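Being a predicted model, the structure only gives us computed values, none of them experimental.
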Amino acid sequence: MKITISALRRLVASLRARGRRLGLAALGLTALTGSAMAEPQLEKTEIRYQGWVGQVTFVELADDLGYLAPLKLKWVGNTISGPQDIQTVVTGDIDIGGAFYGAIIKLIAAKAPIKAVVGYYGSDENTYNGYYVKEDSPIKTARDLIGKKVAVNTLGAHLEFVLREYLARNGLTPAEAKQVTLVAIPPVTGEQALRQGQVEVTTLAGVLRDKALERGGIRRLFADTDLFGSFTGGAYVLRDKFIKENPNTSRTLIEGVSRAIAWAQTTPPEEVRARFERIIGERKRNEDATPIKYWKSTGVATKGGVIGNAELQVWIDWLVKDGLLKPDQLKPSDLYTNEFNYFRPGKTAEAK
């Protein structure tokens with residue numbers, strides 16, 4: 001069979017075209033494979049957590065902003081106590097929880113296998129915890145608190161540590177400080193307990209503080225910012241085992257949470273409040289969203305909740321002074337990691 005020159009040319013062109021198509025297909029397959037390889041496989045795709053009535057946690061905000069995808073959240077109930085929240089992490093009933101640094105340090109000192117991974121709350125000029133008395137109360141100084149009762153949300157947490165620091169800075173001996181009685185009362189009933197004389201001092205923050213001040217008849221004795229200025233007061237924690245077995249999940253989770261914190265730090269408060277109100281409305285937990293109207297700031301002192309040695313050292317020193325830790329028993333680096341924070345040192349990134 002004879003093949004003409006023109007037929008041969010058509011055959012060569014056809015083969016070249018097929019080669020180009022195959023080459024493009026191969027390139028596309030390579031790109032898809034590379035993309036799949038670039039996306040780390042998540043070891044765990046569901047994150048269990050506890051919420052707070054009438055509040056939006058940064059874990060929930062991160063999910064709403066789309067920063068956690070493809071992770072899914074599983075709400076297992078609510079808490080009113082940081083120590084309870086992180087103890088539930090220790091027992092493995094939830095995957096992430098948050099508390100005051102002092103409570104975290106005490107748990108780690110007791111050999112709890114957890115790490116602080118991102119700072120999530122604190123105090124500043126807009127967001128702080130105040131200690132209030134009745135307007136006509138004879139209590140004017142720290143020494144006047146001897147023999148009196150002070151309402152706090154829970155024992156062994158932020159409010160107790162701040163009060164004890166206030167007493168110590170104002171010259172009360174440990175024996176005298178022990179004569180100040182702490183009474184654990186749910187925050188929503190703290191104002192009522194003060195006005196009805198069940199306690200002489202109550203702690204108030206956020207909407208509870210602002211509404212109580214609007215009603216009048218109470219005055220501030222002191223606030224946590226009077227002692228420490230603006231500071232990050234606590235962090236979310238993960239179990240060491242969780243981090244070891246789920247490194248990619250841990251990174252996705254904490255990068256997302258840190259980006260959510262940065263979003264709330266840099267977004268106008270009215271926009272943050274509107275988003276919080278929508279989240280509360282859509283989750284349908286039969287709760288009052290009124291407190292959100294009084295939200296003013298995150299209180300977190302660093303961008304995205306990056307943790308630093310200084311914010312932990314102050315509480316280590318306090319626990320050593322109080323005899324709850326031995327000198328040099330723990331150092332800040334034993335307690336936290338910024339490995340998963342989107343804004344970790346050395347990583348130049350901005351929340352999107």
Check: Side-chain heavy atoms under 4.5 angstrom apart, residues restricted to Ile, Leu, Val, Met, Phe, Trp, Tyr: same cluster for V180 and L155?
Finding: yes
Margin query: Is it the case that the side chains of T141 and D144 hold a donor-acceptor pair, with the cut-off being a distance below 3.5 Å and no angle test?
Written below: yes
Check: When you measure from the side chain of R273 to the backbone N and O of W295, does any donor-acceptor pair fall under 3.5 Å?
Finding: yes
Next item on the list: Starting at CD of Q50, measure out to CG of N78 and round the result to the nearest 0.5 Å.
Entry: 8.0 Å
Note to self: Can you see whether T79 engages Q84 through a side-chain donor-acceptor pair at a distance of less than 3.5 angstrom?
What the structure shows: yes
Item checked: Nearest atoms (heavy-atom pairs only) where I185 meets G190 -> CG2-N, 4.1 Å
Next item on the list: Test the R209-Y128 pair against the cation-pi criterion, namely NZ or CZ under 6.0 angstrom from the six-membered ring centroid and within 45° of the ring axis.
Entry: yes
Next item on the list: With rounding to the nearest 0.5 Å, note down the distance linking NZ in K303 to CG in N341.
Entry: 10.5 Å
Next item on the list: Assess whether salt bridge (Lys or Arg N to Asp or Glu O under 4.0 Å) is satisfied between K321 and E165, documenting all intermediate values.
Entry: CA-CA 11 Å; K321 181 178 66 177; E165 178 69 8; 3.4 Å; yes
Notebook entry, point to check: Taking the inter-plane angle between the rings of Y236 and Y120 on a 0 to 90° scale, is it parallel (under 30°), tilted (30 to 60°) or perpendicular (over 60°)?
Noted result: parallel
Note to self: Parallel, tilted or perpendicular: which one describes the rings of W315 and H158, with boundaries at 30° and 60°?
What the structure shows: tilted
Item checked: Atom CD of Q329: over 12 foreign heavy atoms under 6.0 Å -> yes
Notebook entry, point to check: For A151, does its backbone N or O pair with a side-chain atom of T203 as donor and acceptor, under 3.5 Å?
Noted result: yes
Check: Going by an N to O cut-off under 4.0 Å, is there a salt bridge joining R275 and E60?
Finding: no
Notebook entry, point to check: Can R215 and E191 be counted as an ion pair, charged N to O under 4.0 angstrom?
Noted result: yes
Notebook entry, point to check: Looking just at side-chain N and O atoms, do D224 and S123 make a donor-acceptor pair shorter than 3.5 Å?
Noted result: yes
Margin query: Distance check, rounded to the nearest 0.5 Å: L71 atom CG versus E46 atom CD?
Written below: 10.0 Å
Note to self: If the test is side-chain contact (heavy atoms from CB on, under 4.5 Å), which one of V314, I316, I307 qualifies with P332?
What the structure shows: I316
Next item on the list: Could you tell me which residues satisfy ring-ring contact (aromatic ring centres under 6.0 Å, His included) with Y336, sequence neighbours excluded, listed by chain and number?
Entry: none
Next item on the list: Answer with yes or no whether the side chains of E43 and N248 bring together a donor and an acceptor at under 3.5 Å.
Entry: yes
Item checked: Distance, nearest 0.5 Å, that separates CZ of F343 from CZ of R259 -> 7.5 Å
Checklist line | Test: K44 and E245 ion pair at under 4.0 Å | finding: no
Notebook entry, point to check: Is NZ or CZ of R169 both nearer than 6.0 Å to the six-membered ring centre of F228 and within 45° of the ring axis?
Noted result: yes
Item checked: Option from L213, V133, L204, D226 for which side-chain contact (heavy atoms from CB on, under 4.5 Å) with R220 holds -> D226
Notebook entry, point to check: At their closest point, which heavy atom of T232 faces which heavy atom of G119, and how far apart are they?
Noted result: CG2-CA, 3.9 Å
Check: Can you name the nearest heavy-atom pair linking T127 to S297, along with the distance?
Finding: OG1-OG, 2.6 Å
Next item on the list: Only one of F222, W318, F161 passes ring pair (Phe, Tyr, Trp, His ring centres under 6.0 Å) with Y166; say which it is.
Entry: F222
Checklist line | Main-chain N/O of Y342 paired to S258 side chain as donor or acceptor, under 3.5 Å | finding: yes
Item checked: Polar contact flag, side-chain donor to acceptor under 3.5 angstrom, Q87-T91 -> no
Margin query: Between K134 (side chain only) and G217 (backbone N and O only), is there a donor and an acceptor less than 3.5 Å apart?
Written below: no
Margin query: Quick check against the 3.5 Å criterion: does N338 have a side-chain atom that pairs as donor or acceptor with the backbone of P345?
Written below: no
Note to self: Do Q198 and V183 have side chains that approach each other closer than 4.5 Å (heavy atoms only, starting at C-beta)?
What the structure shows: no
